[in-house]
Protein chains: 2
Amino acid sequence: MKENGKVTIYDISKKLNISAATVSRALNNNPKISKKTRDLVFAAAKEMNYKQNRLAQALKSGKSKNVGIIVPYINRNFFSSIIRGIEEELGPHGYHVIICQTHEQMETEVEQINTLLNTQVDGIFMSISKSTTKTDHFKKVLDEGKSLIFFDRKLDVPGVSSVVIDDFKAGYLATEHLISQGCKNIAHFAGDLNLEIYKNRYEGYIKALKDHGFQPNPDYVVTTLSSVESGAAAVSKIWELNEKPDAIFSASDYTALGAIQELKRIGIRIPEDFCISGFSNEPFTKYMEMPITSVDQTPLRMGKIAAQVFLEQVDSPQKLTIEKKVVLAPELMVRNSSDRSLHKLAIH
Amino acid sequence: MKENGKVTIYDISKKLNISAATVSRALNNNPKISKKTRDLVFAAAKEMNYKQNRLAQALKSGKSKNVGIIVPYINRNFFSSIIRGIEEELGPHGYHVIICQTHEQMETEVEQINTLLNTQVDGIFMSISKSTTKTDHFKKVLDEGKSLIFFDRKLDVPGVSSVVIDDFKAGYLATEHLISQGCKNIAHFAGDLNLEIYKNRYEGYIKALKDHGFQPNPDYVVTTLSSVESGAAAVSKIWELNEKPDAIFSASDYTALGAIQELKRIGIRIPEDFCISGFSNEPFTKYMEMPITSVDQTPLRMGKIAAQVFLEQVDSPQKLTIEKKVVLAPELMVRNSSDRSLHKLAIH
DNA sequence: TTGTAAGCGTTATCAG
DNA sequence: CTGATAACGCTTACAA
């Protein structure tokens, strides 16, 4: 029957003694085809194990029904959850998702964008790398008439849509929460302040302090890498101060964890003496013996919404002019590391 | 200059007054092209911002330079790490990876395979869903002359290559380790024994017991879901036995965590009174206050090796006959939850 | 060394 | 309602 899985509409047309065009129309449920031939075609297609060649379709139509997703690393919970959200939203619409990693290198990012464009994706979703400063490669995507959507980490580029969480609000909420627990000297473990997300978290922290009558203390702000070791080191650093903090709002769950470990090591009781909040709601935060308060960025939702923004754009005729900025509300997950309500009696 | 990013070799050929064929050859560094025209073509291509259309290339050559990866869920650390491994190995060879999820449904798995074949991927990597029993859809892939590679969860299908870890050995190692810590009554929290991986872990556990002179006790084997709650429930169950166990080899890190929480709740000291080992080396296991012993499945390496197997096959002319079975060695990560060496003095 | 022309599998246009 | 034909952008015999 089939020689090597290469059945085309042409084969069907020969078998039925009709033209390939008719077969194509029948397969696409073109209304001008008689029910009779349509049934005939479907039957033959099934029998001959025919499969549409999406490559040919794509070449003809100019739409590949593929989208690209570029992230620093695939195997970070936050990113893989976003990818999952995009896939689940776009899959039912017939799209496939192609995944690329930048390893935080701008150079790689540029390259990935180029190969994705070569491959004729219909759009690109991405979180920019930490080292990205230029924006030429983003403009190229728009020049080709494809939509570009940033999620989480973005840069302001005209014409580019974005879906992010309100990092400012997240920083504000977390800090306010610590204040509500009675903390007076709140430190902040910040990420790279050149990245918008970290800067916003920092500014939310500052604003919350001021709004509640606290004077921000620059000594209390430590820039850290997102790692356990970095968190422990940062605690050592602030512990040298005369007036020691009694809380930390950390922009990373990993540094928060490192901080907790170090604080315990030097005999500080949490949350009685010291409260702490992380950021990202990494899976491990809720599994700890002392679950860590953290900000949930709702990555699954973020992915789904990014996908919806994309769908709106491809369906729209004047797509290039659309530029949608979605800002999602973060969710503070209060857990033992900062929840004194359970310890109130013990304190006094 | 460029109207809408649609520059083709034809545009270049017109501009240079040469044929499109020559342009194509020049771009592909065909040696029969004079250096002069080659340089001219490259210069013009760059100036006109020409981009190869990989779709057209793919249609012509029959190779899309895309591969599909099908997993139950993208945002599981184990799977996303494998995907990362595949991407990093295949990227430099010009391949893109397309990702699909099955949500553990065989029906979805069949569908995903079909759409991937429609889209002309050059090969498919996958971990089968829990509910998969049939193998027709796998045969279809082979019938189309594409290579199919299973990783971790597999079924035996002639012609399909696979990369897995030695789950039997992993079960054996973990159990033997618990025995070496002095445990006498070792329970096993098993996964669905219809899946090869869980059956092998179970059998490794049984074999280790026997090899060390212990009589396996069916009451000590509890089938669990991979969840924290399920782990706690399983502990309650074995705690009803007259002769209570003094160790657990759990086929999942989540059940191991649930077990630890429940054991602590009822006042059991770990590892002094009770040792426990999980499976998968989930990130949280090492971050716990009491880090959990676990089996590392080296997913990154697994992905890279799966990719290498694929590359060998596409390069080979007789690809269909090749069937490679790779079995990787697991790594037992011994941590506090089962390490009595630090507590020896305290015990006696 | 370069040009001509056919073809990869579809779909759209134009006839009939 | 159906057929012929061109075209999407590229590669590759076959010629020149």
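Labels below follow one simple rule: chain letters A, B, ... track the order of the sequence lines, proteins then strands, and each chain is numbered from 1.
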J.: For A/D156, enumerate each residue passing the salt bridge (Lys or Arg N to Asp or Glu O under 4.0 Å) test, keeping only those at least two apart in sequence or located in another chain.
T.: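 Counting only residues at least two positions away or on another chain, A/D156 forms a salt bridge (Lys or Arg N to Asp or Glu O under 4.0 Å) with A/K154, A/K325.
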J.: Do any side-chain atoms of residues 301-312 of chain A form donor-acceptor pairs under 3.5 angstrom with protein atoms, and if so which ones, sequence neighbours left out?
T.:
residue: A/R301; atom: NE; partner: A/T298; partner atom: OG1; Å: 3.3
residue: A/R301; atom: NH2; partner: A/T298; partner atom: OG1; Å: 3.1
residue: A/R301; atom: NH2; partner: A/A329; partner atom: O; Å: 3.0
residue: A/K304; atom: NZ; partner: A/E88; partner atom: OE1; Å: 3.4
residue: A/Q308; atom: NE2; partner: A/E89; partner atom: OE2; Å: 3.1
residue: A/E312; atom: OE1; partner: A/K324; partner atom: NZ; Å: 3.1
residue: A/E312; atom: OE2; partner: A/K324; partner atom: NZ; Å: 3.1

J.: Ring pair (Phe, Tyr, Trp, His ring centres under 6.0 Å) with B/F78: which residues, sequence neighbours excluded?
T.: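 Scan of B/F78 (ring pair (Phe, Tyr, Trp, His ring centres under 6.0 Å), adjacent residues dropped) gives none.
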J.: Which is true for A/T8 with a 4.0 Å heavy-atom rule: it touches a base, it touches only sugar-phosphate, or it touches nothing?
T.: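 Sugar-phosphate only.
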J.: What is the first contacted nucleotide of DNA chain C and what is the last, in 5' to 3' order, if contact means an atom lying under 4.0 angstrom from a heavy atom of chain B?
T.: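 Under 4.0 Å from chain B, the extent on DNA chain C is C/dT1 to C/dG9.
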J.: Taking side-chain contact (heavy atoms from CB on, under 4.5 Å) as the test, write out the residues that go with A/S34, two or more places apart.
T.: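 With sequence neighbours excluded, A/S34 shows a side-chain contact (heavy atoms from CB on, under 4.5 Å) to A/K36, A/T37, given in chain and number order.
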J.: Check ring pair (Phe, Tyr, Trp, His ring centres under 6.0 Å) between A/H93 and all other residues, then give those that pass, not counting sequence neighbours.
T.: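 Per chain and number, A/H93 pairs via ring pair (Phe, Tyr, Trp, His ring centres under 6.0 Å) with no residue.
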J.: Extract, from 5' to 3' on DNA chain D, the first and final nucleotides lying under 4.0 angstrom from some heavy atom of chain A.
T.: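 Counting from the 5' end, contacts occupy D/dC1 to D/dG9.
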J.: By side-chain contact (heavy atoms from CB on, under 4.5 Å), which residues pair with A/N77, not counting sequence neighbours?
T.: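 For A/N77, the residues satisfying side-chain contact (heavy atoms from CB on, under 4.5 Å) (neighbours in sequence not counted) are A/S81, A/E282, A/P283.
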J.: Could you identify which residues of residues 25-39 of chain A place a heavy atom less than 4.0 Å from some atom of DNA chain C, listed by residue number, or say none?
T.: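 Correct list: A/R25, A/N28.
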J.: Could you say whether A/L59 or B/V23 is positioned toward the 5' end of DNA chain C, judged by the nucleotide with the nearest heavy atom to each?
T.: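 Nearest-nucleotide comparison on DNA chain C picks B/V23.
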J.: Using side chain to side chain donor-acceptor pair (under 3.5 Å) as the criterion, list what pairs up with B/N17, not counting sequence neighbours.
T.: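 Scan of B/N17 (side chain to side chain donor-acceptor pair (under 3.5 Å), adjacent residues dropped) gives none.
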J.: Quick one: on DNA chain C, does B/I18 or B/K60 contact a more 5' nucleotide (nearest heavy atom)?
T.: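 So the residue in question is B/I18.
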J.: Are any side-chain N or O atoms of A/N28 and backbone N or O atoms of A/N30, one a donor and one an acceptor, separated by less than 3.5 Å?
T.: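 Pair absent, no side-chain N/O of A/N28 close to backbone of A/N30.
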J.: Return a table of donor-acceptor pairs under 3.5 angstrom between the side chains of residues 123-131 of chain B and protein atoms on other chains or two or more places apart.
T.:
residue: B/S127; atom: OG; partner: B/F151; partner atom: O; Å: 2.6
residue: B/S127; atom: OG; partner: B/R153; partner atom: N; Å: 3.3
residue: B/S129; atom: OG; partner: B/E104; partner atom: O; Å: 3.4
residue: B/S129; atom: OG; partner: B/S131; partner atom: N; Å: 3.2
residue: B/S129; atom: OG; partner: B/S131; partner atom: OG; Å: 3.2
residue: B/S129; atom: OG; partner: B/T132; partner atom: N; Å: 3.3
residue: B/S129; atom: OG; partner: B/T132; partner atom: OG1; Å: 2.9
residue: B/S131; atom: OG; partner: B/E104; partner atom: O; Å: 2.7
residue: B/S131; atom: OG; partner: B/M106; partner atom: N; Å: 3.0

J.: Are B/K140 and B/N114 linked by a side-chain donor-acceptor pair shorter than 3.5 Å?
T.: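 Side-chain D/A pair, B/K140 to B/N114: present.
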J.: Salt bridge (charged side-chain N to carboxylate O under 4.0 Å, His left out) between B/D39 and B/K35: does it pass, once the steps are laid out?
T.: CA-CA 6 Å; B/D39 290 346; B/K35 183 168 181 348; 2.8 Å; yes
J.: If we only count heavy atoms from C-beta on, is the B/K51 to A/E144 side-chain gap below 4.5 Å?
T.: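 The answer is yes; the side chains approach within 4.5 Å.
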J.: Need the bend value for the helix from C/dT1-D/dA16 to C/dG16-D/dC1: angle between end axes, 5 pairs each end, nearest 10°.
T.: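 Here the local axes at opposite ends form an angle of 40°.
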J.: Is the shortest side-chain heavy-atom distance between B/L116 and B/I98 below 4.5 Å?
T.: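 Yes, close enough: below the 4.5 Å cut-off.
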